[in-house]
Amino acid sequence: MDVEAITLVLLQQTLDAWERDAPVPAVWQSFVAWPQLRGLSAAALKIRLFDLWQELVQHNLHEKRLAEGMTPVSPTTRAGVVAALVQDFGHSSDILEAWSAFYHRHFSPVRLSITEMETAVPQSRRNLDRRYKAGLAAFLASLQRQELAAHGRAQTARLCCHLPPPDYAYLFGVEPLLRQLLAWATAPTGLPFFSLEGLGGIGKTSVARAAVYQIVAQTAWADVLWVSA
């Protein structure tokens, strides 16, 4: 899924679809970061996507609570949900309030209306709406980051598909050499070729593989060929 296609409009369309109990946009099946969405029926996609969104929103909310020294809670009663909302808005943290407003509007086990939220916390409806929109924007950025990372992993896997399997769990003491190889490979006036030389069995192939993997993960290449000489 193109990252540019993940927009506030698409998010709002998806949220509205859940509100109306209608099918969510089918484009989510191409979300690379969540391959489990591919090939699902419309009904299954609606359910599975909601679960994934809920998990991601709750994870971010818990992180923001921990950052404020709070103990993350997951209340299941209306009184408990309202108490958690009030606690979130009691730390003067704009980002915590943003995630909390977004979560409690759509993903809390007991969902709260904007009127209930306005009554529970000392905020005007305008401020609550501002917090909600900030939470929606933060969620959009979180989805975009996930998709960008997934695209990067997929590209690296494609370019490295011809590499031999690693015969090591971790390479020690090769970081300076890897940095030098990366510098040579990416220099504007790059060398036509360079070689790793040394006694047999000292790990030249392992270093070469690690270097290629690092190079394709950090720079743009059309393809990688691995040929035994």
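Note that the structure is predicted; figures quoted are calculated from it, not measured. All values below come from the heavy atoms of this structure, side chains included, with hydrogens, waters and symmetry mates left out.
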Let me have the donor-acceptor pairs involving side chains of residues 191-207, under 3.5 Å, with sequence neighbours excluded, atom names and distances please.
residue, atom, partner, partner atom, Å
Ser195, OG, Glu197, OE2, 3.1
Lys204, NZ, Gly198, O, 3.3
Lys204, NZ, Leu199, O, 3.0
Ser206, OG, Asp167, OD1, 2.8

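- Around atom CD of Glu55, no more than 12 heavy atoms belonging to other residues, nucleotides or ligands sit under 6.0 Å away.
- By the criterion of side-chain heavy atoms lying less than 4.5 angstrom apart, applied directly or through intervening Ile, Leu, Val, Met, Phe, Trp or Tyr residues, Leu171 is grouped together with Leu177 in one hydrophobic cluster.
- The shortest side-chain heavy-atom distance between Leu66 and Thr71 does not fall under the 4.5 Å cut-off.
- For the atom pair Glu175 CD and Gln214 CD, the distance stands at 9.0 Å (nearest 0.5 Å).
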Item to check | Ser74/His62 under side chain to side chain contact (heavy atoms under 4.5 Å, CB included): CA gap, chis, key distance, verdict | outcome: CA-CA 9 Å; Ser74 300; His62 282 189; 3.7 Å; yes
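- Annotation: ring pair (Phe, Tyr, Trp, His ring centres under 6.0 Å) contacts of Trp18 (sequence neighbours excluded): Phe50, Trp53.
- Scanning for side chain to side chain donor-acceptor pair (under 3.5 Å) contacts around Trp34 gives Gln146, with sequence neighbours left out.
- By the 4.5 Å heavy-atom criterion applied to side chains, Ser142 and Leu56 are counted as neighbours.
- Contact of the Ile6 side chain with the Leu11 side chain is registered, since non-hydrogen atoms from C-beta on lie closer than 4.5 Å.
- The aromatic rings of Phe139 and Phe107 are tilted relative to each other, their planes meeting at an angle between 30° and 60°.
- Val24 and Leu140 end up in the same hydrophobic cluster when Ile, Leu, Val, Met, Phe, Trp and Tyr side chains are linked at under 4.5 Å.
- The CZ atom of Arg20 sits 11.0 Å away from the CG atom of Leu15 when rounded to the nearest 0.5 Å.
- The distance from the CD1 atom of Ile47 to the CG atom of Leu40 is 10.0 Å, given to the nearest 0.5 Å.
- One distance of note links CG of Leu61 with CG of Leu96; it measures 6.5 Å at 0.5 Å rounding.
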Next on the checklist: Set out, in order, the CA-CA distance, both residues' side-chain angles and the distance that settles side chain to side chain contact (heavy atoms under 4.5 Å, CB included) for Gln12 and Thr7, then state yes or no.
Outcome noted: CA-CA 9 Å; Gln12 195 59 61; Thr7 63; over 6 Å; no
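- Taken together through direct or relayed side-chain contacts under 4.5 Å among Ile, Leu, Val, Met, Phe, Trp and Tyr, Trp226 and Val224 form part of one hydrophobic cluster.
- Under a 4.5 Å side-chain heavy-atom criterion applied to ILVMFWY residues, the cluster that includes Val86 comprises Val81, Val82, Leu85, Phe89, Val110, Leu112, Ile114, Met117, Val121, Leu128 as well.
- Ser41 pairs by the side chain to side chain donor-acceptor pair (under 3.5 Å) definition with nothing, not counting sequence neighbours.
- Side chains of Leu10 and Met1 form a contact here, defined as non-hydrogen atoms less than 4.5 Å apart.
- Sorted by first and then second residue, the pairs that involve residues 60-84 and meet salt bridge (charged side-chain N to carboxylate O under 4.0 Å, His left out), not counting sequence neighbours, are Arg65-Asp88, Arg78-Glu116.
- Inter-residue side-chain proximity for Arg48 and Gln36 is flagged as met; some heavy-atom pair is nearer than 4.5 Å.
- A salt bridge (charged side-chain N to carboxylate O under 4.0 Å, His left out) with Glu97 holds for exactly one of Lys133, Arg131, Arg130; it is Arg131.
- Between Asp2 and Glu147, every side-chain heavy-atom pair lies at or beyond the 4.5 Å cut-off.
- If you take OG on Ser108 and CD on Gln58, they are separated by 9.0 Å, rounding to the nearest 0.5 Å.
- A side-chain donor-acceptor contact under 3.5 Å links His91 to the backbone of Gln87.
- Here CH2 of Trp99 is found 9.5 Å from NE2 of His59. Values are rounded to the nearest 0.5 Å.
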Next on the checklist: Applying side chain to side chain contact (heavy atoms under 4.5 Å, CB included) to Leu143 and Phe31, what does each step give before you reach the verdict?
Outcome noted: CA-CA 10 Å; Leu143 288 175; Phe31 194 69; 4.1 Å; yes
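- Side-chain contact between His106 and Arg111 is present, with heavy atoms from C-beta onward closer than 4.5 Å.
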